Structure formats: structure tokens, C-alpha cells
Amino acid sequence: WYWYVARAQAELALERRDWPAALESALVSASARPMSGQEMLLLALSAARTEQPDLAQAAVTAATILEPALPEAQYLRGLLA
């Protein structure tokens with residue numbers, strides 16, 4: 001369940017606008033569950049906020065492929081484009 005703790009930490013860090021901490025936790029969560037669109041979305045958000053456009057684009061692309069019905073991922077993909 002360490003991935004779930006990392007995911008919760010990422011979500012809280014995003015809420016606090018602590019972008020580096022969010023990225024660190026999102027990387028742990030996404031590494032543990034690479035086939036989860038939700039984890040990739042958190043990684044994409046965190047990467048975008050830490051000004052890592054290549055990582056953000058790759059993660060949001062993965063999120064939209066893994067979970068095409070995830071509206072937040074589609075929206076973020078449009079913003080990054």
C-alpha cells in the first residue's frame with residue numbers, strides 16, 4: 001500500500017502548492033502503478049507545476065491512453081498543447 005500513501009501525499013502536496021514534494025510523491029506512486037491513469041495524471045500535474053514539460057506531456061499522454069474517459073487528463077492534455 002505504499003503507493004497509496006505516496007498518492008495521498010502527492011494530492012496533499014498539490015493542494016498545498018508544494019510542487020517539488022508533489023512531484024516526488026507522484027513519481028513513487030506512478031512507478032508503483034504504471035498502468036494507472038490516475039497515477040499518471042498526478043505525475044503530469046506535478047511535472048507541469050515544476051516546469052518539466054516533457055515529463056508532463058509524456059505522463060498526460062499515458063493517462064489519456066490508460067483511461068480515455070478521464071476528463072481531467074483530457075483537459076490537461078489540451079492545456080499542455
Side-chain angles (χ1 to χ4, degrees):
W1 286 92
Y2 74 95
W3 65 267
Y4 187 76
V5 172
R7 178 179 173 174
Q9 289 172 335
E11 290 172 344
L12 288 171
L14 284 169
E15 190 69 28
R16 289 189 319 267
R17 298 176 182 242
D18 184 353
W19 314 132
L23 179 60
E24 183 179 335
S25 295
L27 283 167
V28 171
S29 179
S31 295
R33 299 186 69 218
M35 299 304 288
S36 169
Q38 289 285 343
E39 310 313 317
M40 290 299 142
L41 177 59
L42 282 175
L43 180 57
L45 286 168
S46 302
R49 288 297 192 168
T50 56
E51 299 180 18
Q52 297 185 42
D54 293 338
L55 178 57
Q57 189 64 49
V60 80
T61 298
T64 57
I65 290 169
L66 293 168
E67 292 189 42
L70 190 63
E72 298 91 340
Q74 299 291 347
Y75 180 74
L76 181 59
R77 188 173 187 185
L79 287 176
L80 292 175

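Everything numeric here is computed off the predicted structure, so don't read it as measured data.
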Are V28 and W3 close enough that some pair of their side-chain heavy atoms sits under 4.5 Å apart?
no
Hydrophobic cluster membership, W19 vs L76, 4.5 Å side-chain cutoff
yes
Salt bridge (charged side-chain N to carboxylate O under 4.0 Å, His left out) involving R77 - partner list, sequence neighbours excluded:
none
Report the distance from atom CG of D18 to atom CZ of R49, rounding to the nearest 0.5 Å.
12.5 Å
Exercise: identify the closest heavy-atom pair between L80 and A48:
CD2-CB, 4.2 Å
Please tabulate, for side-chain N and O atoms in residues 52-63, each donor-acceptor pair with protein atoms closer than 3.5 Å (sequence neighbours left out).
| residue | atom | partner | partner atom | Å |
| --- | --- | --- | --- | --- |
| Q52 | NE2 | T50 | OG1 | 3.4 |
| T61 | OG1 | Q57 | O | 2.8 |

Heavy-atom closest pair (S25 atom, A6 atom, distance to 0.1 Å) is CB-O, 3.3 Å
Do the non-hydrogen side-chain atoms of V5 and Q9 ever get within less than 4.5 Å of each other?
yes
Please tabulate, for side-chain N and O atoms in residues 31-42, each donor-acceptor pair with protein atoms closer than 3.5 Å (sequence neighbours left out).
| residue | atom | partner | partner atom | Å |
| --- | --- | --- | --- | --- |
| S31 | OG | L27 | O | 2.7 |
| R33 | NH1 | E39 | OE2 | 3.2 |
| S36 | OG | Q38 | N | 3.4 |
| S36 | OG | E39 | N | 3.4 |
| E39 | OE1 | S29 | OG | 2.2 |
| E39 | OE2 | R7 | NH1 | 3.1 |

